> 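What follows is a single structure, and I will ask about it in a moment.
Numbering starts at 1 and runs along the sequence shown. These figures come from a predicted structure and were not determined experimentally. Just so you know, ligand 1 is whichever comes first in the structure, and atom 1 is the first atom listed for that ligand.
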Amino acid sequence: MEATRNTLRRIGAIAAVGFAAASLLLPDGDALAQQGKVKIGLMLPYTGTYAALGTAITNGFKLAIDENGGKLGGRDIEYFTVDDESDPAKAPDNANKLIKRDQVDVLVGTVHSGVALAMSKVARDNNTLLIIPNAGADEITGPLCAANVFRTSFSNSQMGIAMGKVMAEQKKKTAVTLTWKYAAGDESVGGFKESFEAGGGKVIKELSLPFPQVEFQSYLTEIAALKPDVVYVFFAGGGAVKFVKDYAAAGLNKTIPLVGAGFLTDGTLEAQGEAAQGLLTTLHYGDGLNNPKNNAFRAAYMKAFKSEPDVYAVQGYDAAQLLIVGVNAVKGDMGKRAELVAAMGAAKLDSPRGSLALNRGHNPIHDIYLRKVEGKENKVIGIAVKNLTDPPRGCKL
Ligand code: PHB
């Protein structure tokens, strides 16, 4: 009896060793199945003035994944979603929940620069892969750059730099700026001021109000009194809708040209209607860009979500395209971090915006278009700056 038991134990042990050895030789599919699902943490605003932006990013991201067969590097996907409310104070807790509780493999977010600054700190501290599909805080791909942090959107100063150049070329001499007072607005205005003044213009007044306030009346009164040649603003989402309507309601659109970073009129034209007509903005995207990728993307997005995509949808789509490049390079094995991030850093994406590459700090190098609102379209009327890249100031990568 004892002998039989020992024999059985020995057979069991041999079988276990054999099984372990065999599993090392398992074909790819089975090995990947053993790794389980790729966990993706979406940390985005789903309420507040940026709610529509978070939804468009989510839709764009999921569209690219669906076009990839619903998988990443052959593995199934599980989404974990948090509404970050565009609130920087809640950002560390929200990011930590996704990383520590849900154990996500990759964090995707967010819209608001203040929230993204906090998220990128948590991602750096935990060495979690982070892809930013909107927030433009310059520092994240500058002095705070990191091997595990990528951005598929823009940096805040890029749109301002492009518009300042165009306005100086149009021989405007004086400008007033107005924005929400936080990193996005400050850096957007900073970019405008830099290139406008380099081109011979002068910013005569910089106005701001706290995010996300929308009581614009006193600022409009001040602008009317200052009578600059042009007004440059950064607003987005619900706040942008209200600002453009208030500017027109005050009659200022008839006397002082309003220009802005393209967020002013992206995803907002339906609500802004007549008030937005003729506005000039600069952005790395335009609805009517006639390239095969954009045409296919717009048709697929419309079919899937029954609404027109905007720049936020494009940035979400490209975040997933970038992740697909990385995860494919390691055949689904996200533990191979060095190979994965090297592939992402070197990626050349076919984006609906045109071709997209990343600089050393992992920030987009892309064309910035000059657009004009015509009806419900941000019509591309030129390229303000070709292949704009940031100097990765202070980035040690
Ligand atoms: C930002 O906070 O970085 C931000 C928010 C909304 C935009 C663009 C930038 O549309």
> Any chance you could lay out the ring-ring contact (aromatic ring centres under 6.0 Å, His included) test for Y182 and H112, step after step, and finish with the verdict?
CA-CA 9 Å; Y182 80 103; H112 184 287; 4.2 Å; yes

> Could you tell me the residue and atom name of the protein heavy atom closest to atom 1 (C) of ligand 1, and the distance to it rounded to 0.1 Å?
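Result for atom 1 (C) of ligand 1: V111 O, 3.2 Å.
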
> Consider every N or O of S113 and every N or O of ligand 1, then say whether any pair is closer than 3.5 Å.
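Between S113 and ligand 1 (N or O atoms, distance only) the closest approach is under 3.5 Å.
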
> Is the number of heavy atoms from other residues, nucleotides or ligands under 6.0 Å of E78 CD greater than 12?
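Check passes, neighbour count above 12.
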
> Quick one: look up the protein heavy atom nearest atom 7 (C) of ligand 1 and list residue, atom name and how far away it is.
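It is N134 ND2, 3.5 Å.
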
> Please work out, at 4.0 Å between heavy atoms, whether the side chain, the backbone, both, or neither of W180 comes within that distance of ligand 1.
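Within the 4.0 Å criterion, W180 makes no contact with ligand 1.
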
> Provide, to 0.1 Å, the distance between atom 2 (O) of ligand 1 and the closest protein heavy atom, together with that atom's residue and name.
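Protein heavy atom with the smallest distance to atom 2 (O) of ligand 1: Y182 OH, 2.5 Å.
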
> Counting only heavy atoms not in K293, do more than 12 sit closer than 6.0 Å to its NZ atom?
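Enclosed: over 12 neighbouring heavy atoms sit under 6.0 Å from NZ of K293.
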
> Taking everything shown except K39 itself, do over 12 heavy atoms lie less than 6.0 Å from its NZ?
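Result for NZ/K39: enclosed.
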
> Could you tell me the residue and atom name of the protein heavy atom closest to atom 10 (O) of ligand 1, and the distance to it rounded to 0.1 Å?
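So the nearest neighbour among protein heavy atoms is Y312 OH, 2.8 Å.
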
> Identify, by atom number and element, the atoms of ligand 1 in contact range of A236, meaning under 4.0 Å from any of its heavy atoms.
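Result: 6 (C), 7 (C), 10 (O).
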
> With backbone taken as N, CA, C and O and side chain as the heavy atoms from C-beta onward, which portion of N156 lies under 4.0 Å from ligand 1: side chain, backbone, both, or neither?
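The answer is the side chain.
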
> Can you tell me how far the OH atom of Y219 sits from the CG atom of L226, to the nearest 0.5 Å?
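So the gap between those two atoms works out to 13.5 Å.
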
> When you check the gap from the basic side-chain N to the acidic O, do D266 and R371 get nearer than 4.0 Å?
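Salt bridge present between D266 and R371.
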
> Kindly check if the number of other-residue, nucleotide or ligand heavy atoms within 6.0 Å of NZ (K372) is above 12?
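No, NZ of K372 has 12 or fewer neighbouring heavy atoms, counting only those of other groups under 6.0 Å.
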
> Would you say the ring centers of F235 and F216 fall short of 6.0 Å from each other?
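Between F216 and F235, which both carry aromatic rings, the centre distance is below 6.0 Å.
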
> Looking only at N/O atoms, are Y50 and ligand 1 under 3.5 Å apart anywhere?
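No - when backbone and side-chain N and O of Y50 are compared with those of ligand 1, no distance drops under 3.5 Å.
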
> Please identify which atoms of ligand 1 are closer than 4.0 Å to at least one heavy atom of H112.
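Atoms satisfying the 4.0 Å criterion: 2 (O).
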
> For ligand 1 and F154, I'd like to know whether there is a polar contact (N/O to N/O, distance under 3.5 Å).
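Among all N and O atoms of F154, none is under 3.5 Å from an N or O of ligand 1.
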
